Amino acid sequence: MRAIVVSATGGPEVLTCTDHPDPEPDPGDVLVDVAAAGVNFIDVYHRMGRYPLALPFVPGEEGAGIVAAVGEDVRDFAVGDAVAWASVPRSYASRIAVPASKLLAVPDGVAPEIAAAVTLQGLTAHYLTHSTYEVKAGDDVLVHAAAGGMGLLLTQIAKLRGARVIGTVSTEEKETLARQAGADEVLRYGSFSEAVRELTGSGVHVVYDGVGAATFDQSIASLRPRGMMALYGQASGPVPPVDPQVLARNGSLFLTRPTLTHHVATRDELTWRASDLYGWVASGQLRVHVSERYPLEEAARAHEDLEARRTTGKVLLIP
Ligand SMILES: NC(=O)c1ccc[n+]([C@@H]2O[C@H](COP(=O)([O-])OP(=O)(O)OC[C@H]3O[C@@H](n4cnc5c(N)ncnc54)[C@H](OP(=O)(O)O)[C@@H]3O)[C@@H](O)[C@H]2O)c1
């Protein structure tokens, strides 16, 4: 099999494609031929060493494919099944061993590439809109990077729940995509908190902020009293330490820094979120926009484009 390996942390150039022996599945594992691996911003943080991993490592946490073999303890999956996963390491590869407890069955109405594109970011968008802050009909919701992988899904799911969505984007092309996903208002970053105030009066109920350093202060200023600041990422860099008084001064706000792992901690929670997600995709309620497909060996180019804000929607690697 082939896999991308990081032997030293650094820029995109440290992503090198090498030949490996096939992974040895444990009794509870499923061996999968990878149809597509999802590229996520967390892969960039791992590659840079911002979230340190032991070296060398195979990056990637998401993908979909077809079961090639099952371990002797596996009961729920069989050779030939279509499957997908999120938060499973070593996904930038042509083959992977996935613990059956983390594997998801992909229904017929969802193509493998779409499953690879929607699983990690879709599960994240699900917990952010259903658990971190339960979006309700009539809520005002601010979604940053609204044409990104997370942003297009968050926008559509918040609209499914009846909210008014205000998105931020950096370009006209991205504005068009955000509007196609259902965003009611689309802003540039500039002085977005003033524009949010003009649109809403008292501010939004929740901000979904995966941009981090560049947007944090204005995100706080965009919230209505008792609003929720869901800081779920840091594409522009980490947010410096926050004085809790800021939350009091701006209206008894809530601040959380959630991650996917804690929201798919049990099999029931994982399958609940995935069945909603794949159901919406199969019924056409959730559209998955794959902007770029790169051959596995061009993982470096995929990272360069993601970091340079050149991509929209989902980025995939095809082994
Ligand atoms: N906590 C969790 O459970 C979880 C799970 C999945 C993802 N995430 C986070 O979600 C965020 C989005 O991830 P994604 O994979 O969907 O990426 P993405 O949104 O497709 O790409 C990042 C986007 O962020 C915007 N951005 C603003 N300032 C930027 C900067 N200085 N550098 C790079 N991008 C910048 C860009 O959109 P514009 O050009 O429109 O500004 C860019 O396209 C990341 O922070 C990621 O870590 C968190």
Side-chain angles (χ1 to χ4, degrees), residues 11-12 37-48 50-51 59-62 85-88 91 116-133 142-157 166-179 181 183 186-190 192 207-216 218-219 229-239 255-265 269-270 273 277 288-292 302-317:
V39 176
N40 292 287
F41 233 91
I42 195 167
D43 309 336
V44 173
Y45 308 145
H46 286 148
R47 190 207 73 217
M48 295 165 98
R50 195 176 278 171
Y51 298 169
E61 303 224 319
E62 174 187 41
W85 59 92
S87 301
V88 175
S91 296
V118 80
T119 300
L120 191 149
Q121 292 169 344
L123 292 171
T124 303
H126 189 286
Y127 87 69
L128 287 169
T129 50
H130 290 65
S131 304
T132 302
Y133 176 85
L142 177 58
V143 175
H144 288 310
M150 280 298 311
L152 288 175
L153 297 174
L154 275 171
T155 298
Q156 292 179 79
I157 296 173
I166 304 170
T168 56
V169 295
S170 62
T171 67
E172 208 173 304
E173 182 211 347
K174 291 183 178 187
E175 171 167 349
T176 303
L177 281 171
R179 286 194 190 278
V186 182
L187 307 171
R188 296 298 186 272
Y189 293 94
F192 69 82
V207 182
Y208 293 118
D209 190 339
V211 171
T215 44
F216 184 84
Q218 282 202 65
S219 292
M229 170 66 183
L231 175 67
Y232 70 95
Q234 49 182 39
S236 69
V239 174
L255 166 63
T256 181
R257 176 60 179 90
T259 70
L260 177 59
T261 324
H262 303 123
H263 293 84
V264 289
E269 201 172 20
L270 174 64
R273 297 192 196 284
L277 195 61
V288 181
H289 173 76
V290 178
S291 76
E292 313 286 345
H303 275 216
E304 268 164 26
D305 289 347
L306 182 66
E307 286 176 84
R309 303 164 79 165
R310 285 193 285 267
T311 65
T312 53
K314 189 67 190 182
V315 177
L316 292 177
L317 298 177

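Only this structure's heavy atoms are used, side chains among them; waters, hydrogens and symmetry mates stay out. Source: prediction; values computed, not measured. Numbering of ligands and ligand atoms starts at 1, following listing order.
Between R309 and ligand 1, a contact under 3.5 Å exists for at least one N or O pair. Where the criterion is an N or O separation shorter than 3.5 Å, residue side chain and backbone included, T168 fails it with respect to ligand 1. Inclusion of Q121 in the set of residues having an N or O under 3.5 Å from an N or O of ligand 1 is warranted. Inclusion of G210 in the set of residues having an N or O under 3.5 Å from an N or O of ligand 1 is warranted. Annotation: V39 places no N or O atom under 3.5 Å from an N or O atom of ligand 1; distance criterion only. Polar contact check, Y232 against ligand 1: a nitrogen or oxygen pair lies under 3.5 Å apart.
Expressed to the nearest 0.5 Å, how far CG of L306 lies from CZ of R310 amounts to 10.0 Å. Remark: E61 CD to L260 CG distance equals 8.5 Å, nearest 0.5 Å.
Contacts between L306 and ligand 1 below 4.0 angstrom, taking non-hydrogen atoms only, involve the side chain exclusively. Contact annotation: for P258 versus ligand 1, heavy atoms closer than 4.0 Å belong to the backbone alone. With a 4.0 Å cut-off on non-hydrogen atoms, E307 touches ligand 1 through its backbone and not its side chain. Looking at L260 against ligand 1, both its backbone and its side chain come within 4.0 Å, counting heavy atoms.
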Check residues 229-239 and write down every donor-acceptor pair under 3.5 Å in which the side-chain atom is one partner and the other belongs to a residue at least two apart or another chain.
| unit_1 | atom_1 | unit_2 | atom_2 | d |
| --- | --- | --- | --- | --- |
| S236 | OG | V211 | O | 2.6 |
| S236 | OG | A213 | N | 3.3 |
| S236 | OG | A214 | N | 2.9 |

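Without hydrogens or angle criteria, R273 side chain to H263 main chain gives a donor-acceptor distance under 3.5 Å. Between the side chain of E175 and the main chain of T171, no donor-acceptor pair closer than 3.5 Å is present.
Counting only non-hydrogen atoms, the option in M150, E61, R257 that gets closest to atom 16 (O) of ligand 1 is M150. When K174, R310, Q234 are ranked by how near their heavy atoms come to atom 37 (O) of ligand 1, first place goes to K174. Nearest-residue assignment for atom 18 (P) of ligand 1 (options G149, G237, A145, A125; heavy-atom criterion): G149. Here the shortest heavy-atom distance to atom 40 (O) of ligand 1, taken over G122, S236, S170, G151, belongs to S170.
Checked for salt-bridge contact, R188 and E172 miss the test: no charged N lies under 4.0 Å from a carboxylate O. Under a 4.0 Å N-O distance rule, the pair K314/E62 qualifies as a salt bridge.
The side chain to side chain donor-acceptor pair (under 3.5 Å) search around T168 returns H144, not counting sequence neighbours.
The aromatic rings of H126 and H130 sit parallel to each other, their planes meeting at less than 30°, with 60° as the upper class boundary.
You'll find the side chain of H303 reaches within 4.5 Å of the side chain of D43, heavy atoms only.
Residue L120 has at least one heavy-atom neighbour below 4.0 Å for each of these atoms of ligand 1: 6 (C). Taking every heavy atom of Y127 and a limit of under 4.0 angstrom, the matching atoms of ligand 1 come to 1 (N), 2 (C), 3 (O). Atoms of ligand 1 found under 4.0 Å from any heavy atom of V211, numbered from 1 in the order shown, are 27 (C), 28 (N).
Judged purely by distance below 3.5 Å, without hydrogens or angles, the side chains of S91 and W85 pair a donor atom with an acceptor atom.
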